[in-house]
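Written below as structure tokens is the structure these notes are about.
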Amino acid sequence: MRGCAFTLYQPHKSQPKMHFGIIDDIAAHLAAAAKLEVVEIAADPCPADMAGDITVNCFRLAKALRRKPDDIAADVAAFCNSHEDVESAECIKAFVNVTLTTVALFRDTVANSAALLPRTIVADGEKERFLVEYSAPNTNKPQHLGHVRNNTLGMAIGSILKRVGHDVTLVNLINDRGVHICKSMIAYQRFGDDCTPESTGMKGDHLVGDFYVRFDQEFKKQVAELKERQPELADAKEEELLPQTELGAAAYAMLRAWEDDDPEVRALWEKLNGWVLDGFNATYARAGTEFDRVYFESDTYILGRDIIDDGLQRGVFTRRQDGAVEIDLEARKLGRKVVLRSDGTSVYVTQDIGTTVLKHRDFEPTAMVWVVGDEQKYHFDVLFAILQALGYEWAGNLHHLAYGMVNLPQGKMKSREGTVVDADDLFDGMTDLARQKTLEKWPEVPDDIDRRAHVIAMAAIKLMLLKVGLRSTIKFDPEAAIRFEGDSGPFVLYNYARIASLKRKTADADLPAAVDWSLLGEPAERALAMRCAGYVEVLGRAAREFDASLVAGYLIDLARDFSSFWNACPVLKAKPVVARTRLELCTVVAAILGDGLDTLTIGKLESM
RNA sequence: GCGCCCGUAGCUCAGCUGGAUAGAGCGUCUGCCUCCGGAGCAGAAGGUCACAGGUUCGAAUCCUGUCGGGCGUACCA
């Protein structure tokens, strides 16, 4: 059940967590009866259709207490019914459904602001220094929706970890060298006519990306010719034929020239990379994507070789007869992995060993996280295994945040074939839609229409990407696009804006200063208060499990609960004290919505 | 072949540290603007949780097997 907020109640732990007085007392009562020091009580929110606020599941207590579930339930129900916080308690099988008094319910939830929105959530002893790497783009093409998912996840996870109290450093590793980069360079050299972003009016990353596509088109022609000349190659894969084509050979030659510091090639490389990076920075800025430190693979790809040499001497690696260096990871069921080619050059994992050690030296994190697609799971399993084999004491706390890909209805996105949802196009399209909807709504054009449209568009995109589970493949249908209704970013923003509007309207209203929670008690009010109480637990779990979808789902649930309340319980029309108290409830909801949106790096609007 | 992930409503997805009658959104249907923002609310219809066994007082959830889909299994990154 989503929003299952206080599943496990652990009174002995110091973390701030919502406390229900009644649960404390039940725990103490049961502990005393069983002569135990501590009893952990599983308390869930009561199912919606059942009468009650909290459910105590006595099946789970049976083992610890060595009593029959029904017996415990009867005991708990009887105890509850004589407790001042309890309106009524009903025992069904081994479940006890507890209906709190209005006073107790609000006292232990929305009135307890210190526990509702604590500044930090992890205990001091559990604080980590996290290094989170994400984005890691190639500088040969513009970013698409798949990158946007990565960037959004990286920002959100980093932000969630910060929110609960960890120290977090966000890192990007730009993949700015390699054959794929040379492909764009070759195509530009041959077909570019010295064009520039200025001369074409194009964003730099798109300009370079077009040459990457052009390379592929020309390459395919050469492959076709090659296969015609040599029919025995008919079944060969295109990639395997790359070195055998004239274009491919040119790309490899260019890569060697680059590594030899050929001034002409380096100048071209710096020019094109500069354009792409300018384009990336513009895209990052729109989405609020930020990094504390950016590494470039052109600086780091050499690293790792010394570490391999050292490991070779210590027997971690072995040199094969053909000269290649490998590690035996059969014991971990990862096979044998080459770490240096027979010509002495590095492979992917060797570079990552180097950059990981470098990043660790630079920041001395206690935990490292990589936000990288799940198709690279094997790579990270191998990387972590090698680092452990090398004896780095910090290698036990490395995490690959493996997320699923974003597909289109017709299948995978492929930059080379132009079947991608481009990040900038997506941002533009959504912003236009948001602007259109905003204009339809207001007779006068709001001054900050551009900002509103931008915030709404980004909220729609980010929440669409964040609300689904990390591992799920997202099927993105451009026809249906991203919705502004239902389970959406704009829906969450909308409810936040409603509250802001209400606060403006009541700013100079003549309402009493004191709230009186005892006057509330509508089902929608109780449900909303209970939902609010679950925020802290959601944040904590999201941080423990690196799962931003928990926060995203919670915000949608909270917004929905608020929306029901809004329809059922008018604020302004109510009696002054009730109005004052309901306004306080709204303020609490807005604070949590705002905190959650901030935590997911989604903007807020006071009016939309 | 082996490894990992996935299969839940017409569609897109939650739920998976085992608990009561499996939940949202979209779409369909019915109501609701003399009422604080209708980007909304209330309600209806829609499910053998891929299939078969097993463990358990209790299985969508854990275990085994089968079927179907994706990814990986490079001296590519």
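Residue numbers begin at 1 in each chain, while the letters A, B, ... track the order of the sequences.
Residue A:L572 places its side chain closer to B:C36 than to any other of B:G25, B:C75, B:C36. Checking B:C75, B:A20, B:C36 against the side-chain heavy atoms of A:P570 singles out B:C36 as nearest. Considering only side-chain atoms of A:Y348, the nucleotide from B:A39, B:A77, B:G72 that sits closest is B:A77. Looking at the side chain of A:K437, the nearest of the listed nucleotides B:A39, B:C41, B:C36 is B:A39. Checking B:C75, B:A42, B:G38 against the side-chain heavy atoms of A:S564 singles out B:A42 as nearest. Checked against B:C41, B:A77, B:C16, the side chain of A:S563 finds its nearest nucleotide in B:C41. Comparing B:A77, B:G37, B:C36 by their closest approach to the side chain of A:E297 singles out B:A77. Side-chain proximity of A:R320 to B:A20, B:C75, B:C36: nearest is B:C75. In this structure, of B:A39, B:C13, B:C71, it is B:C71 that holds the atom nearest to the side chain of A:K412.
Among the heavy atoms of the strands, none lies under 4.0 Å from A:R177. Among the atoms of the strands shown, none is found under 4.0 Å from any heavy atom of A:A402. Using a 4.0 Å heavy-atom cutoff across all strands shown, A:D374 reaches no nucleic acid atom at all. Contacts of A:S607 with the nucleic acid, taken as non-hydrogen atoms under 4.0 Å apart, include base atoms. Among the protein residues, A:Y378 comes within range of the sugar-phosphate backbone only, with heavy atoms under 4.0 Å from sugar or phosphate atoms but none that close to a base. No engagement by A:T506 is indicated, since no non-hydrogen atom pair under 4.0 Å with the nucleic acid exists. Residue contacts shown for A:C58 are absent, as no nucleic acid heavy atom lies under 4.0 Å away. Among the protein residues, A:N175 comes within range of the sugar-phosphate backbone only, with heavy atoms under 4.0 Å from sugar or phosphate atoms but none that close to a base. Among the protein residues, A:V571 comes within range of the nucleic acid bases, having at least one heavy atom under 4.0 Å from a base atom.
Atom CG of A:L470 is separated from atom P of B:G70 by 21 Å (rounded to the nearest Å). Summarising the geometry, the separation between CG on A:L334 and C1' on B:G72 is reported as 12 Å, rounded to the nearest angstrom. At whole-Å resolution of the value, CG in A:N567 and P in B:C33 are 12 Å apart. The distance between atom CD1 of A:I499 and atom C1' of B:C36, rounded to the nearest whole Å, is 12 Å. The distance from atom NZ of A:K93 to atom C1' of B:C57 is 10 Å, rounded to the nearest whole Å. Here B:G70 presents its C1' atom at 13 Å from CZ of A:R471, a figure rounded to the nearest Å. Remark: P of B:A74 and CD1 of A:I327 are 16 Å apart, rounded to the nearest angstrom. Put simply, CD1 on A:I482 is 14 Å from P on B:C13, counting in whole angstrom units.
On a pure distance criterion of 3.5 Å, a polar donor-acceptor pair joins the side chain of A:S342 and the base of B:C75. Put simply, the side chain of A:N140 and the base of B:A77 share no donor and acceptor less than 3.5 Å apart. The base of B:A14 is not paired with the side chain of A:S472 by any donor and acceptor separated by under 3.5 Å. For B:G37, the base has a donor-acceptor partner in the side chain of A:S501 [N/O atoms by modelled type, under 3.5 angstrom]. Between the side chain of A:K441 and the base of B:A39, at least one donor-acceptor pair of N or O atoms lies under 3.5 Å.
With RNA chain B read from its 5' end, the first of the two nearest nucleotides for A:E545 and A:G469 is the one closest to A:G469.
Remark: A:K505 is in phosphate contact with B:G37, judged by side-chain N or O atoms under 4.0 Å from OP1 or OP2.
Only the C1' atoms considered, B:A9 is 32 Å distant from B:G72, to the nearest whole Å. Rounded to whole Å, the separation between the P atoms of B:C16 and B:G7 comes to 13 Å. For B:U17 and B:U61, the C1' atoms lie 10 Å apart once the distance is rounded to whole Å. Annotation: B:A44 and B:G3 have their P atoms spaced 47 Å apart (nearest Å).
Under the 4.0 Å criterion applied to side-chain N and carboxylate O atoms, A:E40 and A:R60 are not assigned as salt-bridge partners. Looking at A:E330 and A:R336, no side-chain N of the basic residue comes within less than 4.0 Å of a carboxylate O on the acidic one, giving no salt bridge. A salt bridge does not link A:E545 with A:R471: none of the charged nitrogens is closer than 4.0 Å to a carboxylate oxygen.
Between the side chain of A:R149 and the backbone N or O of A:G404 there is at least one donor-acceptor pair closer than 3.5 Å. Between the A:R504 side chain and the A:E606 main chain, a donor and an acceptor come within less than 3.5 Å of each other. Under the 3.5 Å distance criterion, the side-chain polar atoms of A:D216 are left unmatched by any main-chain donor or acceptor of A:Y212.
Under the 6.0 Å cut-off for aromatic ring centres, A:Y403 and A:W370 do not qualify, their centroids lying 6.0 Å or more apart.
Aromatic ring pairs are classed by plane angle as parallel below 30°, tilted from 30° to 60° and perpendicular above 60°; the pair A:H379 and A:Y348 is parallel.
Using a 5.5 Å limit on the distance between ring centres and a 30° limit on the angle between planes, the aromatic ring of A:F59 counts as stacked on the six-membered base ring of B:G19. Evaluation of A:F95 against the base of B:A20 yields a stacking contact (centre distance < 5.5 Å, interplanar angle < 30°).
As the counterpart of B:A50, B:U66 is assigned, both hydrogen-bonding distances of the Watson-Crick or G-U wobble pattern falling under 3.5 Å.
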